[in-house]
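Heads up, the thing below is written out as structure tokens.
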Amino acid sequence: MSHSKELFAVLGRVMAVGLFFASGLDKITHYADNLQTMADSGVPAFFLPLVILLEVGGGLAIAFGFLTRFTAIFMAVFSVLAGFLFYQGYSHAHLMVWLKNISCAAGFLMLCLNGGGKWSLDHLIQQRLARH
């Protein structure tokens, strides 16, 4: 049963960041379009590289279980902020995307509470440091 729990932890980490990783890559390939979307919402352009770093770099970090708790906090905050910045006003579509962002934040908070699990770089690093 332990192996199932650890496998589910890995799958959960990867699934939690799939959307963000893909979105970060899209922001790289459609940089100008994303700058315009941000400008339309009143978000300064200097945030775009930071968002890309968080989505791609943070996505990879969580997928591999590296600095999982630390990164998950940033991803949770980012999810909530993005929901409020980009999905203002009421429409059914905006409500659904806003709720998706809140659900993602909840998942990241759970990762923050539980960490990356035994099959993570965090655990490997902790084991190595404990030996020295």
Closest heavy-atom pair and its distance - G42, P44: O-CD, 3.7 Å
Test item: side-chain donor near acceptor, N101 and S79, under 3.5 Å: no
Close aromatic pair by centroid cut-off 6.0 Å: F86 and W98: no
Ring centers of F108, F20 separated by less than 6.0 Å: yes
Hydrophobic cluster membership, M38 vs L81, 4.5 Å side-chain cutoff: no
Beyond-backbone contact of L19 with K100, side-chain heavy atoms, under 4.5 angstrom: yes
Residue pair R13 / S120, side-chain heavy-atom distance below 4.5 Å: yes
Residue pair F47 / V43: nearest heavy atoms and the distance that separates them: CD1-CG1, 3.9 Å
H123 NE2 to Q127 CD distance, which is reported to the nearest 0.5 Å: 4.0 Å
Polar side-chain atom of E55 near backbone of F21 as donor-acceptor pair, under 3.5 Å: no
Partner of F66 under side-chain contact (heavy atoms from CB on, under 4.5 Å), chosen from T71, I125, L124: I125
Nearest heavy-atom neighbours spanning G115 and T68: C-CG2, 4.0 Å
In one Ile/Leu/Val/Met/Phe/Trp/Tyr side-chain cluster, 4.5 Å: L60, V14: no
Rounded distance [0.5 Å steps], CG in N34 versus CG in L48: 6.0 Å
Check: F74 ring centre within less than 6.0 Å of F78 ring centre: no
Minimal non-hydrogen separation, I52 against K27, with atom names: CG1-CB, 3.7 Å
Cluster check I62, L113: I/L/V/M/F/W/Y, side chain < 4.5 angstrom: no
Any side-chain heavy-atom pair of Q126 and L129 under 4.5 Å: no
Within 6.0 Å of CE in M96, more than 12 heavy atoms from elsewhere: yes
ILVMFWY network linking L11 to M110, side-chain heavy atoms under 4.5 angstrom: no
Between Q36 and D40: side-chain donor-acceptor atoms closer than 3.5 Å: yes
Same apolar cluster: L25 and L50, side chain cutoff 4.5 Å: yes
Side-chain donor-acceptor pair present, D26, H30, cut-off under 3.5 Å: yes
CZ (F8) with more than 12 external heavy atoms under 6.0 Å: no
Heavy-atom closest pair, residues A63 and V17: CB-CG2, 4.1 Å
Closest approach of A105 to V80 (non-hydrogen atoms, all atoms of both residues): CB-CG2, 3.7 Å
